[in-house]
Amino acid sequence: MLAIDGVSFRYRETGPAALDAVSLDVPAGAVYGLLGPNGAGKTTLISLLAGLLAPRGGTITLDGRPLAEARAANRRAIALVPQDYAFYPMLTAGENLRFFAGVLGLQGGEARRQVDAAITFARLEQVVGQRAEQLSGGLRRRLNLAIGLLGKPQLLLLDEPTVGVDPQSRRFLLDAIAGLPAAGTTVIYTSHYMEEVEAICQRIAIIDHGRVLAEGALADLLASPRPQLDIELDGPLPAELAERYAASAQGNCKFRLFLPSTAALAGLLDQLAAAGCGVRQLSLGRHDLEQLFMQLTSRSLRD
Amino acid sequence: MTRLHALWLKESIALLRDRHGLLALFIMPTVFILVMTMALRDAFSPGASIDAAYVVVDLDRSPHSAALLKRLDQGVSFRRLAPPADPQAARQGIADGRQVLALILPQGFGERLLAPAGADGQPTAPLQLFTDPALSPALQLAFRNQVMAALGAVRADELSQRAGLLFGLPVKPGAAVQRDWPDEIVSLAVGKAGSLRPPSSVQQNVPAWLIFAMFFVVIPVSAIFIIERQQGTLQRLRAMGLPFHLVLAGKLLPFFVVNQLQAVLMVLVGIFLVPLFGSEALELPGSLPLLLNAWAVAAAVSLAAVAFALLVASLARTAEQATVIGGVGNILMGAIGGIMVPKFVMPAAMQQLAAWSPMAWGLEGFHIVMLRHGGFADILPSLARLLAFAAAALLLAVWLNHRSLAAR
């Protein structure tokens, strides 16, 4: 659906590259995660896709058409939900939605239908008449998202859409976003929160210093060639087993072991039982995103 | 059209909920017009009473000194108080602040009215004038001139009385010493449609403070614009494919309408409210072409004001900065543009400086229409300057916004 091919961008001619030959392929009907620390180039890429910046090199196409042409043909094809609360605090939630519907060129019955659908989607019925400045952080995020959906976009760009919200609102937002592809909207989702990306994204790209470090299906990226076992015991790991499975202590009777194959797990559990070690918890076979990111960049995603 | 309509509606709702903005746009100029019209009422009325009191100590008590007092009382510029007992009491009255001037008429004043000092070998005692040192030199000079004029008139009366028959002048036996001469001067300002009275303070103040108030759209315009920029709303509007010129057009019309409402309100204040406070009512030009010319000036001032507001909003990073740049800018333009202090009381150098203030161009336009009843050709220079200023400010605002977006 969206193909980004060798896209580069610099804010100043002589400055460092904010994006350096970035190539991505975003399939239709998915939630695509863009992961990277601050300054990695995520917002620059989102700005290029939203038409706020023009690439200095490379091409971006939407359904095979150059992005500018696709945007000119249908202004509502791509919608941006910025990280900021990009609406009017002195207007009510309903007035904000009607205003942005008007900016999108929606009129009469169509405008009313789209505003009502956005209100229902973001569950804003109870606060339609309240000024935006009086809404809680979670409700503001929901309003921000609802405005993005007014034009029924093909592609929705979400820039850190859950920053500063309570856990309940976050859960609601994540569920709502995860359901968008089923309604025909492809989502590009940027976030610092790896749990969120793991929870709702089918494909991801990890970006740092303007370059794509890894890209693909989430399951493929998190699968390890050599199964990794995270295990918590009720006592110390016997030295012989620690050496055999290249174990590293993770603190508090928690260890990370590398198995030759997943079939070796049964043997390991027998050996632990024979040594009198009880197993409290174990997890086999996947990195998490934090580990993957550290492995790729040698630094934490939150740095 | 749907998009522009949405933008206009949004600006209107936002403005209606901005209490400070409404206060600055509608209440502040109303108060200014009332206060300044009261304060400057006499400054615009030649011959009107100046609140400066004087006393006359008449040591002569002759018909001639009484005639001089009567002549002085005809001038309404200064207020004469009851006479003190002697010159010492008059001095004390000045020291105590009861009056600022005291004129002492010496003994023998009437007797020697037509005898210049030394003309007959006898000295002539001069009239003495005690003054409060804090009194402005201009008022001292004005009072001296008034006394000299009254003195001249009394001498002329006396001369015509004594020598009238000799020169064949009409003299009635036993006539009063003081007579009515055709010496009243009535000021008439020259206008297009015949002779007009000079401007009153309400005619100066209504257009002046209307212009000042129109330029205060800078407060609500920049408040909304800065919120849009800081919160990323402008970016979102761009991402929705809204061109920047539509964003500007969305702001120009609502605030243009606000400016026209201000004009209507200020004119109504001048016509109906000001007379309740003892000043004369504002007089609008009587013909439709003149009214249209007045509206053309109001429209040009409005475009200049909204464009200036958009420029300030583009320059300022925060609402506080906009308030300072816009507020101080307006006060400076008002101060040098003849809004706060009428241009005609300024020194020549300051009057030249006033030519650089857009507010002065607007005021000049209103004065041409309202006081001199000038035609469209007469207000064209003012309109051209205001529109050129509006275009330059708008272009600069657009350029600043493009530059700032490119740097993001």
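In the text below, chain A, chain B and the rest are named by the order of the sequence lines, each starting its count at 1. These figures come from a predicted structure and were not determined experimentally.
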- Task: Verify salt bridge (Lys or Arg N to Asp or Glu O under 4.0 Å) between B/Arg17 and A/Glu133, making sure each step is shown before the conclusion.
- Result: CA-CA 12 Å; B/Arg17 290 186 185 153; A/Glu133 63 198 350; over 6 Å; no
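- Only the side chain of B/Leu242 comes within less than 4.5 Å of a heavy atom of chain A; its backbone N, CA, C and O stay farther away.
- Using a 4.5 Å cut-off between heavy atoms, B/Leu4 makes no contact with chain A at all.
- At least one cation-pi condition fails for B/Arg238 and B/Phe244: the charged atom is not both under 6.0 angstrom from the six-membered ring centre and inside a 45 degree cone around its axis.
- Cation-pi contact between A/Arg140 and A/Phe87: absent, since separation from the ring centre below 6.0 Å together with deviation from the ring axis within 45° is not met.
- For chain B, the nearby part of A/Tyr88 is the side chain; its heavy atoms alone come within less than 4.5 Å.
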- Message: Applying side-chain contact (heavy atoms from CB on, under 4.5 Å) to A/Ile4 and A/Ser23, what does each step give before you reach the verdict?
- Response: CA-CA 5 Å; A/Ile4 301 168; A/Ser23 295; 5.9 Å; no
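- With a 4.5 angstrom heavy-atom cutoff, A/Arg71 touches chain B only via side-chain atoms.
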- Does the pair A/Gln130 and A/Thr92 meet the rule for a side-chain hydrogen bond (donor to acceptor under 3.5 Å, both in side chains), with working shown? CA-CA 5 Å; A/Gln130 259 186 52; A/Thr92 65; over 6 Å; no
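- Both the backbone and the side chain of A/Ile147 come within contact range of chain B, with heavy atoms under 4.5 Å apart.
- In terms of heavy-atom pairs under 4.5 Å with chain A, the best-connected choice from B/His5, B/Arg236, B/Glu228, B/Gln231 is B/Arg236.
- A/Lys42 contributes a side-chain N or O that, together with a main-chain N or O of A/Gly36, makes up a donor-acceptor pair within less than 3.5 Å.
- Both the backbone and the side chain of A/Asn144 have a heavy atom closer than 4.5 Å to some heavy atom of chain B.
- In terms of heavy-atom pairs under 4.5 angstrom with chain B, the leader among A/Leu91, A/Asn96, A/Thr44 is A/Leu91.
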